[in-house]
Amino acid sequence: MTQNPENSGRNTPVPSAATLEKELEKGWRDHRSGARPSSVSSVTEDDGDGRMVMNFGPQHPATHGTLRSVFTLEGESIVEADVEIGYLHTGFEKLGEHMTYQQWVTVSDRMNYLSAINNNVGYSVAVEELLGIEVPPRCAALRVIMCELSRIADHVLCVGLQGMDLGAFSVMLWSFEKRELVYDIIEAVCGARLTTSWTRVGGIIRDVPEFFPDLVYSFLDEFPPIIEEIHGMLLNNKIFVDRVKDIGKISTEQALSYGLTGPVGRASGLTMDVRKDSPYLGYDKYDFKVPSQTEGDSFARYMQRMEEIEQSLEIIRQAMATLPQGEVVHDDFKTSLPEKDAVYNDMESLIHHFKLVMLGHGIRPDKGQSIYSATEAPCGELGFFIASDGSDTPYRLRVRPPSLYNYGLFPRLAEGGMISDAVAILSSFHVIAGELDR
Amino acid sequence: MSDSGTPLLDFFFAALRAIVIFAAVLQIVPALVYFERRLAAWIQDRIGPNQVGPVGLLQPLADVIKLAFKEDLTPEGVDKWIYRLGPALVYAPAILAFTVIPVGMDLQVASFDVGVIFLLTIGGFSVYGLAFGGWASNNKYSLLGGLRASAQLISYEVALGLSVIAILMTAETVDLNSIIRQQWAPGAAGLLEWNLFQQPLAAFIFLVAAFAETNRLPFDLPECEAELVGGFHTEYTGLKFAMFFMGEYVAMITMSALMVTMFLGGWSLPWVEIPTSPSIGDVALSVGIFMGKLVLLLFFYIWVRWTLPRFRYDQLMNIGWKVFIPLSLLNLGLTALSGVLGWNWLIPLPW
């Protein structure tokens, strides 16, 4: 009996972890600079150029997720930096081709778990634009309020993490404490805290509870002091300011050419904000400013986020004052789910529910229709491209995650700095790995 | 505490003192860990450890038991002996340095004529432990942590030593008990006799350098978790890690104790007379005073740690070499000048 070629590999020795690591490092060097000496620099081996290749991630405390950067170090200075993404690739986009338009809402909040509501809303807005439906005014106002609350939670966390990565751990926990107020509201509204799945195509899961205004108003009272507290801990602190000033400078041209959006882009002099430039959900009704900085360093990004928090508070105040009454779901039940109560007690609603939930009857945009719709998520422009082939599931669903674009510039900024600077830059970008890798 | 005349009894007393004081220091470490965690929780609006034992007091004990039963991992490719030596070389100097600290009236493990000099010499050894630990771990984070530790400790030791020398020049002795006695004067005005007020610049330099020497925030670069994961102790587990940990805390206690002795009047208080032939009660009182000052200083350490962010490596070096060493040299020069001219250099200044 001839030997099966697949089995012949069993007797070859398995390479040790150290060998594999060496090969990997060699691969990195070749990948970046072509012809390089084949020896590698580990701790005990010296290849003569005095450089060392260090993995910064995928598992590293400062990445707050699974980002991988590879630094070539000379002492502590980063000579070359490279990033590799894909460690948290989950196939969310591909999943979209196998799930109905309603079902994918639950996936959207797994992408950016720190501002799940914004992702829910962004996706729902995209599908609604594709279908050409408009949500009732109460639903739009509630979505705006929740989006801004979520944005505040995201920004205050990012600022706290910026402090934590530089060693000011208390700032992070203080910001977490106030962020909890937002999560109380989210929990009251949809029952979940992290994976909210709050929106539906054509509306939201259900109307907010009666005590919702109390919660939001008490939040508006209790939250603002933390802004002063964080400023007091960080802004008046020479160590912090020295660590972030002039670190990771991005010029306006760079920001444009790398497609930076959100606080990162606006900290570099861009003034674009989807909420102002192409208003959705009636953002044009609210009076708010789009702050922007000119310096483009980590410090400017810190200031930018703090100023945006204040604008978001302003939007919430206005939206709460003008919160309309009425339905929260679009009244065409060919596309939006009727309320659960009605489903159990009303035959029409039961039929609508059945047809929407069972495959082959639900939301079916016309064949060939496609749309790119963007909303302003806390990290930047969150875009969804949806193409329909006339079936229940999208033909293609693609996401433009702000984190991916923001992260693209990171290696260029890290080069020339020290390891500590790379940490200070990365924390100011607020890259969410789940969103980046989708 | 004085010589009894018979060598055997002397030996017995010395051994007893050594055991009691070392045991006490080792007991302070878990207490300090608990103190730090509760304080940190208080600063950060948390609760902190409160489950193990009454109000969480047994938490450090539980931690030690946990660490003792952890698997003692030795990573692949390490230099085994140096890897094992590292924690010991951090821990031993820290506790050895404590021998010369008078914790109460003339109460110390060993009274050398070289008191402070011995402390600084032995304390400097801990840099080997950090460097060995970082180098032997065969881990790049550890290596960088070890390098940072050696550079930092060596730089700040200079400033620390120079600020101590300024005190020794005015005291004209290296015996810590005499330095304490010189800082004593009756009444509230006696507070001004403390070297903290006599030598404010030296006190400030010493305080900052002590933070750097003990790798505490804002100088905790060797182990800063956001950049180097765990720094020099990334690869250490179980009791080896515990040794590093204990070493850091004992060093913190030693440095605080030295600060209390050199600048805050040690075991004396202006309102408490120093008797020439102390009774047991007097000694106990002086130990209490010393402990009170020590706790206040440790509180300050912890307070700073949970408030400030950390420096960058080059900033740290800049501050060390371009600010603190020139400042301490200036202080040394001023002290020498005032010694020659016979006045306290502080008095002519506006404040």
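Fair warning: this is a prediction, and the values are worked out from it, not measured in the lab. Below, read A as the first sequence line, B as the second, and so on, with proteins coming before strands; counting in each chain starts at 1.
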Peer 1: Looking at Arg216(B) and Glu248(B), does any basic side-chain N land under 4.0 Å from a carboxylate oxygen?
Peer 2: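 A salt bridge links Arg216(B) with Glu248(B).
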Peer 1: Given heavy-atom pairs under 4.5 angstrom as the criterion, report whether the side chain, backbone, both or neither of Asp314(B) touches chain A.
Peer 2: both
Peer 1: Got a sec: does the CZ of Phe125(B) have more than 12 other heavy atoms crowding it under 6.0 Å?
Peer 2: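 Open.
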Peer 1: Pick from Asn237(A), Val171(A), Ile419(A): which one has the most heavy-atom pairs with chain B under 4.5 Å?
Peer 2: Asn237(A)
Peer 1: What option among Asp165(A), Ile239(A), Asp242(A), Leu73(A) has the most heavy-atom pairs under 4.5 Å with chain B?
Peer 2: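 Answer, by heavy-atom pair count under 4.5 Å with chain B: Ile239(A).
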Peer 1: Can you tell me if Leu73(B) has over 12 outside heavy atoms packed within less than 6.0 Å of its CG?
Peer 2: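 Result for CG/Leu73(B): enclosed.
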Peer 1: Go through the atoms of Phe176(A) and report whether side chain, backbone, both or neither lie under 4.5 Å from a heavy atom of chain B.
Peer 2: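 Neither part, no heavy atoms under 4.5 Å.
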Peer 1: Among His60(A), Met418(A), Glu177(A), which residue has the highest count of heavy-atom pairs closer than 4.5 Å to chain B?
Peer 2: His60(A)
Peer 1: Between Glu76(A) and Arg148(B) (salt bridge meaning N to carboxylate O under 4.0 Å), is one present in this structure?
Peer 2: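 Counted as a salt bridge, because a side-chain N and a carboxylate O are separated by less than 4.0 Å.
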Peer 1: OH of Tyr128(B) to OG of Ser150(B): how many Å apart, nearest 0.5 Å?
Peer 2: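 Answer for the OH-OG pair, Tyr128(B) versus Ser150(B), is 10.0 Å.
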Peer 1: Using heavy-atom distances under 4.5 Å, tell me whether Leu161(A) contacts chain B through its side chain, its backbone, both, or neither.
Peer 2: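 Answer is neither: Leu161(A) stays 4.5 Å or more from chain B.
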